[in-house]
Structures are given as C-alpha cells and as structure tokens.
Amino acid sequence: MSEKKKISILIIDGDESSKNTFTNYFEQNSLTEIIGIYSDLMDGYNAVIEKKPAIVLIDISENSDLALELIHKISMQHRSCIIFVSSYESSSNTIIKAMRAGAREFIVKPIQVEDLNIALEKTKMLINIDQGDGQGCKVFTIFSNKGGIGKTSVATNLAMSLTELTGKKVALVDLNLQLGDVTTFLDITPAFDISYVVNNLNRIDESFLFSTLERYKNKNLYVLADPPYLEQAEEISADQINTVLNTLKSVFSYIIIDTGVNFDSKTIPALDIADNILLISMVNLPCIRNTQRCLDLFNRLGYESEKIKLIVNRYLPGDEIRVEDVEDVLGHSIYWKIPNNYLTMMSAINKGIPVSAVDASSPLNRNFVELAALLSNTILNKESKDMQSSQKTKNLFDFSKIKHFIQKLIQKN
Ligand SMILES: Nc1ncnc2c1ncn2[C@@H]1O[C@H](COP(=O)(O)OP(=O)(O)O)[C@@H](O)[C@H]1O
Ligand SMILES: [Mg+2]
C-alpha cells in the first residue's frame, strides 16, 4: 500500500477563537489536514459539495436554522461526509435537532481538545484514510429490485472475467446479507464472513483482509461472504458496511458487490460507493416497471445518470419488446445485453463453477469477458460495441400498441 492519505477536514465557523483551536488541533494531528476554513455558511456549504471533505465541522451557534438546513443537504448530497456540529448552545433539544439533520458528533463550545480527540477517534474507522490507493479502485454494485433476475450470476461471472482479464486483485462482496448465494455459485466454504470482519473492525487492514477473504482457487479473486446466520446479518450496521467497503477500496483494484432486492440502509452504502451501479433488468413488463422505479429512486438519491449502467439480462434477439423501445420508455440507454443461455448458466450454477469453466468459448462467457473489458477499459472495446450494436435486431412486435400501457403502469407506481 502507498503512504496513507490524510483525513480531509473542512471548517465552517465564524468564531475566530474556535477557528484557531481547530486549526492548531488538526494541523498538529498527523492523520488530518485542513482543506478549507470558511466563516460564511453558504460559502462553506458550496466548498463541501465541491471539495468533498471526509469531515466537516459546522458551527450552529449563529443562524442555526440555515446551518441545520445545510447540514441536512450535505448529509443527503455527500453521504460519506462525516458532520461534526459545534455550538455554545447545548440543550438536548439543540443536540437532537443537529443529530436529526445528519450530524454525527456534537461538540460543545468553547472547544475542548479532549472532545475533539473523542469525536475523531470514534469516527476514524468510518473514513477511508487510504483514499490515495482507493482512487485506483473501481466499484461495481450489481442491483435490481427484483429477485431471480441474474444479479448473482452477473456478479460472480463478471468478477471472474475481470480477474482473468486484468490480472488485478478483485473482491467479490456478497451484500445479500440474508439470502446470499455467491458461495453456492462458486462452491466455496469460506472460513470467515462479513460478520467476522465487522466484529474486528479495529484490526482491519490489508493483511487482515487477505487472511479473512476467501481466495478463489489461487486466482486473484477474493470473496467476502454473507454471514451464515440471519441474526448476524441483522447486527451489521450501514456504517460498518461503509467502513469495510472503503477499506477494501484501498486494497483491491476492482470490487464487485452483489446485493439483495431491497433498498435498505445496508444496500445504500454499496450504491453510494459504486463508480457504476449495474442495474440488471429483463425485457418484460414487470421488469421494465421495476427498473423504472429504481431509476426514479436513483434520481432522487442524486446519482448522476452516467453512474447507472442498465444491463438487460437473458436477452433474446427476437424478443417481442425491442430494447430500443425499452430505452424510450425508461429514458435511459441500455449499456449492455447478456444473452439468454439457460443451459450453460444452469450448468455453471449446478456445478458451482463460473461459466468460463463450463464453456470458455460459449457466447455467454465471451459476453462476460467483453463486459469486463468494457468496464475495465481494457482492449476489446470496439469489438464489444460492434457486437452489442449487431444485437439490435429487427422488431417482431408492434411496440406502439403496448407503449401507452407500460407508461400507464409506470405512472401508477
Ligand atoms: N443470462 C442468463 N441466461 C439464462 N439464465 C440465466 C441468465 N442469467 C441468470 N439466469 C438464471 O436466472 C436464475 C436466477 O439467477 P440469479 O443470478 O440467482 O438471480 P438473482 O441473484 O437476481 O436472484 C438462475 O437460475 C440462472 O440460471
Ligand atoms: Mg442473488
């Protein structure tokens, strides 16, 4: 691992003596660096959105209504940012309001160094202090709000293709905490699982991860499995998942995250951290409707449209509904199509091996390799695109007849 990067701090406080205390404290701390100090709330807020600090300190003693509103906005728009609030006013009512708006720590003024120590110590583990390495890591979260659509099939085979194609270290994380089946798809019985990792967060570093993640058949693919017992899954918090994912980022070149069907608090960190969400769908009405719901929600979560890569699984060139019309209804282009190949896929699943081990030359395996190439910016780009565009075959069905029906269905939801 390269030299650790410091935790970036941004301060928004109009009070000169507090600013001095913060500056002395964070400049002397070898783990932190100040990336901005602002007296004006709006200037500070704009800087947070632009600079994305790991921690922001906001004073709410003056103009507390606006300060709380901006804290709420920051917690929505830059979710990984940890917010420390400070105030001369420390009634329980004020503390509750600050926490509800999204603050993680409340520091009573005048500032005591001991309080800053405690707040920093408590939150240090939540921050990716190895951002330098993490920048080189790409995270792909496989999602669909419908089960049985092929998420785990895509996650395992894409992870395998990325490993073989790039030769880099790939982590495959099963965040379908209650019903995960990555271990079944790869026929492995890991000694440790995510529950063990979150219970040892104080030990989490590169060597700990390599000794706890299950290495797959001596390849550069490492699996972080779901916990064996439902109650263990219950105990894992969103913050812990965030810490684990951020630490993985500093160690691996690619992270593939398989998910369940729910938009629960434990899935959100995986969606937030993703460079790309691979939203899996199929070309049929219920799937299109659910995909539309997902796209709406992603929009409300503030994700850029380019972050979402729509993938049609089990694609059949002669499908009644054309993919162009699906794109039209969803207002989102289809990034990739994976062919329907039930026999090859089932054979892989039943044997507990990836598709590449069943039949490396099958169109299904070639498709996964090409998808991996596209996502990792490795060669094959042109051929992949050509292959995808050649899949756009003639429509066999007059889609205009059912288009209004799909739109009505979508509006209803
Ligand atoms: N491209 C494909 N072609 C044919 N069958 C597929 C394909 N992708 C997935 N399947 C089948 O779909 C079923 C559900 O896949 P799975 O990956 O478990 O979905 P999910 O994780 O979304 O619940 C499996 O039985 C698998 O064989
Ligand atoms: Mg699954």
Side-chain angles (χ1 to χ4, degrees), residues 140-162 172-188 190 193-194 223-228 230 233 255-264 266-267 270-271 274 277-284 286-291 293-294 308-319 323 326 334-372 374 384 387-388 391:
F140 300 115
T141 298
I142 320 292
F143 187 76
S144 161
N145 54 350
K146 222 171 155 26
I149 213 105
K151 287 187 294 296
T152 310
S153 308
V154 175
T156 47
N157 288 291
L158 177 62
M160 181 54 72
S161 297
L162 272 172
L172 172 59
V173 181
D174 196 343
L175 267 195
N176 190 356
L177 293 178
Q178 303 208 330
L179 292 165
D181 38 27
V182 167
T183 53
T184 313
F185 274 50
L186 293 177
D187 190 25
I188 50 173
D193 57 76
I194 191 167
V223 177
L224 183 53
D226 59 316
L230 290 183
I255 304 176
I256 306 290
I257 308 173
D258 189 18
T259 58
V261 291
N262 296 320
F263 279 113
D264 56 21
K266 298 176 194 183
T267 308
L271 297 171
I277 297 170
L278 307 187
L279 178 58
I280 315 292
S281 188
M282 288 201 278
V283 181
N284 63 49
C287 283
I288 297 170
R289 187 180 55 178
N290 276 294
T291 304
R293 285 177 178 158
C294 278
I308 322 296
K309 304 289 185 206
L310 187 55
I311 297 193
V312 167
N313 189 25
R314 307 196 67 166
Y315 170 73
L316 287 166
D319 262 342
V323 289
V326 175
I334 289 168
Y335 180 77
W336 194 256
K337 303 192 282 288
I338 300 172
N340 186 52
N341 192 332
Y342 189 72
L343 289 181
T344 310
M345 190 62 95
M346 266 333 281
S347 169
I349 296 173
N350 286 336
K351 292 185 176 127
I353 52 177
V355 168
S356 60
V358 171
D359 183 359
S361 62
S362 63
L364 190 56
N365 186 52
R366 285 212 320 270
N367 184 282
F368 283 124
V369 175
E370 284 160 358
L371 175 59
L374 192 61
S384 306
M387 182 193 154
Q388 288 290 297
Q391 286 180 352

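All values below come from the heavy atoms of this structure, side chains included, with hydrogens, waters and symmetry mates left out. Just follow the structure's listing: the first ligand is 1, and inside any ligand the first atom is 1.
Of all heavy-atom pairs spanning Leu172 and Val182, the tightest one is CD2-CG1, 3.6 Å. Taking both residues in full, the closest heavy atoms of Ala225 and Pro190 are given as CB-CG, 3.8 Å, listed atom of the first, atom of the second, then distance. Residues Ala372 and Ser161 share a closest heavy-atom pair of CB-CB, 3.7 Å.
The shortest contact between atom 26 (C) of ligand 1 and any protein heavy atom is with Ile349 CD1, 3.5 Å. Closest protein heavy atom to atom 23 (O) of ligand 1: Gly148 N, 2.7 Å. Protein heavy atom in closest approach to atom 3 (N) of ligand 1: Asn341 N, 2.9 Å. For atom 9 (C) of ligand 1, the closest non-hydrogen atom of the protein is Ser153 OG, 3.4 Å. For atom 10 (N) of ligand 1, the closest non-hydrogen atom on the protein side is Met345 CG, 3.8 Å. Closest to atom 8 (N) of ligand 1, if we only count protein heavy atoms, is Asn313 ND2, 2.9 Å.
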May I have the step-by-step check of side-chain contact (heavy atoms from CB on, under 4.5 Å) for Val223 and Asp174, ending in yes or no? CA-CA 8 Å; Val223 177; Asp174 196 343; 5.9 Å; no
Would you please test Asp359 and Ser362 for side chain to side chain donor-acceptor pair (under 3.5 Å) and show each step? CA-CA 5 Å; Asp359 183 359; Ser362 63; 4.5 Å; no
Could you give me the CA-CA distance, side-chain angles and deciding distance for Asn313 and Ile149, then say whether side-chain contact (heavy atoms from CB on, under 4.5 Å) is met? CA-CA 7 Å; Asn313 189 25; Ile149 213 105; 5.8 Å; no
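Here's the thing with Lys151: one of its N/O atoms is less than 3.5 angstrom from an N/O atom of ligand 1. Close N/O approach between Pro339 and ligand 1 is found [any backbone or side-chain N/O within under 3.5 Å]. At least one N or O atom of Arg314 sits closer than 3.5 Å to an N or O atom of ligand 1. Considering both main-chain and side-chain atoms, Lys146 never comes within under 3.5 Å of ligand 1 through any nitrogen or oxygen pair.
How far CG of Leu224 is from CD1 of Ile194: 4.5 Å, rounded to the nearest 0.5 Å. Within the model, atoms CH2 of Trp336 and CD1 of Ile334 stand 13.0 Å from one another, a figure rounded to the nearest 0.5 Å.
When each of Leu158, Leu371, Ile142 is checked for a side chain to side chain contact (heavy atoms under 4.5 Å, CB included) with Ile311, only Leu371 meets the rule.
The Phe185 neighbourhood of ligand 1 comprises atoms 17 (O), 18 (O), with distances under 4.0 Å to a heavy atom of that residue. Interface of Gly150 with ligand 1, defined as ligand atoms under 4.0 Å from a residue heavy atom, comprises 9 (C), 15 (O), 16 (P), 17 (O), 19 (O), 20 (P), 22 (O). Listed by atom number, the atoms of ligand 1 under 4.0 Å from Met346 heavy atoms are 25 (O), 27 (O). The contact set between ligand 1 and Asn340, taken as ligand atoms under 4.0 Å from a residue heavy atom, comprises 3 (N), 4 (C).
Take a cut-off of 2.8 Å around the Mg ion (ligand 2): the protein N, O or S atoms inside it are Thr152 OG1.
Under 4.0 angstrom from ligand 1, there are no non-hydrogen atoms of Ser144.
Side-chain atoms of Thr267 and Leu175, non-hydrogen and from C-beta on, never get closer than 4.5 Å to each other.
Between the side chains of Thr152 and Asp181, at least one donor N or O sits under 3.5 Å from an acceptor N or O.
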Which donor-acceptor pairs under 3.5 Å do the side chains of residues 345-358 make with protein atoms, sequence neighbours left out?
unit_1, atom_1, unit_2, atom_2, d
Ser347, OG, Lys351, NZ, 3.1
Asn350, ND2, Met346, O, 3.3

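Proximity of a side-chain donor or acceptor of Lys151 to a complementary backbone N or O of Asn145 within less than 3.5 Å is not detected.
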